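What follows is a short report on a single structure.
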Amino acid sequence: MDRLLLSQQRSIDYAQLSMYEKRLLMDWVRAHVTRELVWEYTSVGIQSLFEESDFGFPITHAQMQQALMEAGCYPENIEAETWVVY
């Protein structure tokens with residue numbers, strides 16, 4: 001699938017979250033996602049960690065990816081799902 005389409009789909013999925021859900025998700029990402037965490041987990045693993053956390057709730061993989069990007073994490077290798085924290 002084209003990267004632009006993937007990017008658009010992430011934005012569309014993320015927009016479906018309420019402002020409250022976006023805030024909870026972003027607060028969790030900023031508090032928990034570190035260089036060490038992205039070394040150990042893919043974005044799918046990070047999504048699971050969030051969903052299993054005290055304030056977590058079900059989200060799509062695209063929503064987690066968009067939250068990671070908005071928090072300053074970017075895919076280094078999209079195919080391998082390797083993310084970096086800046």
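All of these numbers come straight from a predicted model, not from anything done at the bench. We number each residue from 1, following the sequence as shown.
- Residues V29 and M19 fall into different hydrophobic clusters, defined by Ile, Leu, Val, Met, Phe, Trp and Tyr side chains chained together at heavy-atom separations under 4.5 Å.
- Counting heavy atoms from C-beta outward, I46 and W28 have side chains that approach closer than 4.5 Å.
- Taking 4.5 Å as the limit, some side-chain heavy atom of F50 sits within range of a side-chain heavy atom of F57.
- Between the CD atom in Q8 and the CD1 atom in I12 there is a gap of 6.5 Å [rounded to 0.5 Å].
- A 4.5 Å side-chain heavy-atom check between I59 and E51 finds at least one atom pair inside the cut-off.
- In this structure, the separation between CD on Q65 and CD on Q9 is 11.0 Å, given to the nearest 0.5 Å.
- Here CG of L24 is found 8.0 Å from OG of S18. Values are rounded to the nearest 0.5 Å.
- We find the OG1-NE2 distance between T34 and H32 to be 10.0 Å, quoted to the nearest 0.5 Å.
- With rounding to the nearest 0.5 angstrom, the CD atom of Q63 is 9.5 Å from the NZ atom of K22.
- Put simply, the side chain of L37 reaches to within 4.5 Å of the side chain of L49, judged on heavy atoms.
- Taking the side chain as every heavy atom from C-beta outward, D13 and H61 never approach each other to under 4.5 Å.
- A distance of 8.5 Å separates OG of S48 from CE of M64, quoted to the nearest 0.5 Å.
- When all heavy atoms are compared, the tightest approach of A67 to M26 is O-SD, 3.6 Å.
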